[in-house]
Amino acid sequence: MRRLALFAMIIVPLAALYVSLFVGRFTVPPADVAGILASRLWPIARDWPASVETIVLQIRLPRAILAMFVGAGLSVSGAAFQGMFRNPLVSPDILGVTAASGFGAALALLLSRGAFELELIAFLFGISGVGLTYLLARTYRSTPVLMLVLSGVIVAAFFSALLSGVKYLADPDSKLPAITYWLLGSLNGSSMRTLGMALPPIILGGAGLMLVRWRLNVLSMGDAEARSLGVRTDRLKGIIIVCTTLITAAAVSVCGIIGWVGLVIPHFARMWVGPDHRALLPAACSIGATYLLLIDDVARTASASEIPLGILTAIVGAPFFAYLLRKTQGGWQ
Amino acid sequence: MRTESLWVVAAWLLAASVTQPSRAQVTREVTDAAGRIVTLPSTVNRIADAWHANNAMVLMLGGADKLVATTVQAQRQPWLRKLYPRIDQVPAAFNAAGDLNVETLIGARPDVILMAYDGALPKWSDAVEAYHVPIVLMPNTSLEGLKTTARITGTVLGPREAEVAEDYIRYFDANIRRVRRETQRLAASQRPKVLHTSSAGILTVDGLDTVIDDWIKVAGGRNAADVVGNGRPVTLEQVAVWDPDLIIVGTAPNQQNRQAILEDPRWREIKAVKTGKVFVNPTGAYLWDRHSAEAALQVLWAAKTIHPELFSDLDIKRETINFYAKYFHHALTDEEYTSIVNATAP
C-alpha cells in the first residue's frame, strides 16, 4: 500500500505534465508534441514548423513546470505551517509574505520596472515582510505561536494599506489594470528565465521542509511537549519559517497571489495519507503540483482571455473546503 | 443672552441663507451622451474636466483657460504639460481612479463638469448636483463617439470653441475619408491582423468594441484580438493562435515594452516579430490611440503604418506639424516631432 502511494505520488504529476503539453489554444497535432519532446532526447527528423516548437518548449513547458513547483511549494508550506501552528485554518500567507510581496510587485509595476526587477523586488519585499513579523513576535528570546499570528496580521494589514496606496497612485489606463490582474494571479509570464528565478528558492525551501518533516510531528504536539522531547523548538520554528518564506515569496513574485492552494491541499493530503508529516509533506507536494497544473490548464485554455488563477483556485477550493468541513464535522485531526 | 434672543438670531440666520440673492441667469440646454437634457448657464467660464483624455480636447478647442479642476492623470501627460503648463496649477479634483474630492471641486466653483459616459452616472453625482453643478456625459467607445465628444465639449465651452470643434470634426472626417478611399476596397485577405497591446508587466490587449478596434478597421487592418473591451489579459499562446501581422505597442513605457517583446524568445515565432513589424504608438497631449484629440492623426498614422505601400504620398510628419500648429498653436521642432511619434517624453 505504502509503495503504491509513493508510486502514485510520482507518476500522477508527471502524467499530468505530459498531458498538459498537449492542451492549449493553439492546435498542435499530438504527434508533433510527442515528436518535439522526443527530438530533445533522440535525433529525429523535424517536420513541424518552428512556431509549434516555440509554443511547446518556450510557452507551454515552462508554464507547466512553474505551475507544478508553485503548486507543490504552496501546498507543502501550508502543510508545514498547519503543523507548526497546530491549526487547520493556517495558510502560507499567515506571516504577511503575500501582502508584502504583492506590495513590492505593485510598486515595481507603478515604477514601470521590467519583469526581472519586478520579481526581484517582490521576492525581497516578501522576505522582509516576514522578517518584520518575526522581529515583532520575538519576546523573551522565544516566539510564541500567538505572537507570530498577531504580528503576521499587523504586517499584512500594513502592507495591504501600502498596496492600496500604490493602486491609488497608479495610472488607470494601464498600470492599475496591470496591478489588478497581477494580484489576481497568473502564470502568463512563465519563461525559462522565470524558472531560473523561482525554482532555486522553491527547491531550497522545499528540501529544507522535507529534512525537518519528522520533527514537525513532535512540534505539532505543542511547544512544551516538543521541548521535553529534546527538540529545540525556536530553532525549528525559525527553520520552518525561513523555508516557507523562501517558497511563498518566490511563488508570489513570479505568479501573483494564488489563494486556497496552501490551505486546501494539505487537508486533501491528510485525508489520503493521514496526519504523519513524514508522509503528509510529500503527498501535499504531489497533489499540489497536479492540482495547480490542471487548474492552470483551464485558466489558459477555457477562453481567449486568460482567466486569473486566483479566481479559479478559490472557486474550486472554497466548495471543496466546505465539503471537507461538513464531512469531518469540524473535528480536525 | 436669553433663549428668546437666541431664537431671533437663529431665525435671522435661516432667513439670510434662504433669501441669498440668486444669480438671475439665462440658461441653455445641452443633450448629453446619456440622453439627458442638461441645463447650463448661457456662458460657461469655469469647467471641471473629470476625463483625462478630454483635457487635451478642451485645450485643442481653445477653452483650457476655463479649466478650474482637472485630473491627476491629465497632469501626468508630459506633452499636455509642455503645451499647457498651467495644467499643473489647476486643482486635480479627480484622482487617477476617477473619484473626486467634493470639497476641492466645489471650492473651484465650476459651472459644469465634463466626463466620459460608461453606462451610469458616477457615484458622486448626487453630491455634486446638490450644489447645482450640472454634469455633461460624453461617449467613449468609438471614433464616431469621439467626434460627438468634440462637438459636446465645444458646445459646452461656448460659440467660439464650438466653431473650432466643427472645424476639427471636418478635418477628422476628411482624414477618415482619405484613408477609407484606399482601404475600403481591400478584401479581408488584404487586411493585416493588428494586435494592439495596452500594458506592461502583464500581457493585455485591446479588443473589439473599442475606439482602437475602430481605427484599426478604418486604417485597413483587422483587430487580431477577438476579445471584447480594452486591456483584456491574454496568454502568449493565444497571441500565437492569432499570429498578428503587426503589433502596435500602446501606453507608457512604450519603448521599453516594445523592446521586451523583441527580446523575448517566446515571441520570436510570431509573424509580426519575425518580419520586424512591431511599432510604438505615438503619444502627444494624450495617447493618440485612445480618446485623444490626436485620434484624427492616429487614423493617418495607423493607415501609413499598416499599409505603407498605399499611402506613400502621406507625410505623417507634415500632417502632425500642421495639426499641432493649427490646433495647439505650437510649432513642433524636429526633436519634438520625434518625441511624439516615438512616445518618449519631451
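Throughout, protein chains are lettered first and strands after them, A, B, ... in sequence-line order, and every chain is numbered starting at 1.
Judged by distance alone, with hydrogens and angles left aside, the side-chain atoms of B/R268 form no donor-acceptor pair with the main-chain N or O of A/T54 at under 3.5 Å.
Contacts with chain A were tallied for B/R232, B/Q73, B/R290, B/K274; B/Q73 has the most, counting heavy-atom pairs under 4.5 Å. The residue among A/L57, A/L187, A/L169, A/T27 with the most heavy atom pairs within less than 4.5 Å of chain B is A/L169.
Within 6.0 Å of CD in B/E103 there are 12 or fewer heavy atoms belonging to other residues, nucleotides or ligands. Within 6.0 Å of CZ in A/F159 there are more than 12 heavy atoms belonging to other residues, nucleotides or ligands. Within 6.0 Å of atom NZ in B/K277, 12 or fewer heavy atoms from other residues, nucleotides or ligands are found, so the atom counts as exposed in its surroundings. Within a 6.0 Å sphere centred on CZ of A/F158, heavy atoms belonging to other residues, nucleotides or ligands number 12 at most.
For the pairing with A/S305, the side-chain contact (heavy atoms from CB on, under 4.5 Å) check across B/V205, B/T235, B/T204, B/V227 returns one residue only, B/V227.
Only the side chain of A/R63 comes within contact range of chain B, judged by heavy atoms closer than 4.5 Å. For B/D264, no part sits under 4.5 Å from any heavy atom of chain A, backbone or side chain. For chain B, no part of A/A115 is nearby; none of its heavy atoms comes within less than 4.5 Å. Within the 4.5 angstrom heavy-atom criterion, only backbone atoms of A/S190 (N, CA, C, O) approach chain B. Neither the backbone nor the side chain of B/A260 comes within contact range of chain A; no heavy atom of the residue lies under 4.5 Å from a heavy atom of that chain. Neither the backbone nor the side chain of B/W267 comes within contact range of chain A; no heavy atom of the residue lies under 4.5 Å from a heavy atom of that chain.
Smallest separation of non-hydrogen atoms from B/L236 and A/I59: CB-CD1, 3.9 Å. Closest of all the heavy-atom pairs between B/Q256 and A/G114 is NE2-N, 3.7 Å. The minimum heavy-atom distance linking B/R76 with A/A170 is given by the pair NH1-C, 4.2 Å.
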(request) Begin with the C-alpha distance, continue with both residues' side-chain angles, and end with the deciding distance and a verdict on side-chain hydrogen bond (donor to acceptor under 3.5 Å, both in side chains) for A/R25 and B/Q238. (result) CA-CA 6 Å; A/R25 301 287 298 177; B/Q238 183 61 49; 2.5 Å; yes
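Side chains of B/E237 and A/I55 form a contact here, defined as non-hydrogen atoms less than 4.5 Å apart.
Interatomic distance, A/S51 OG to B/D243 CG, rounded to the nearest 0.5 Å: 7.0 Å.
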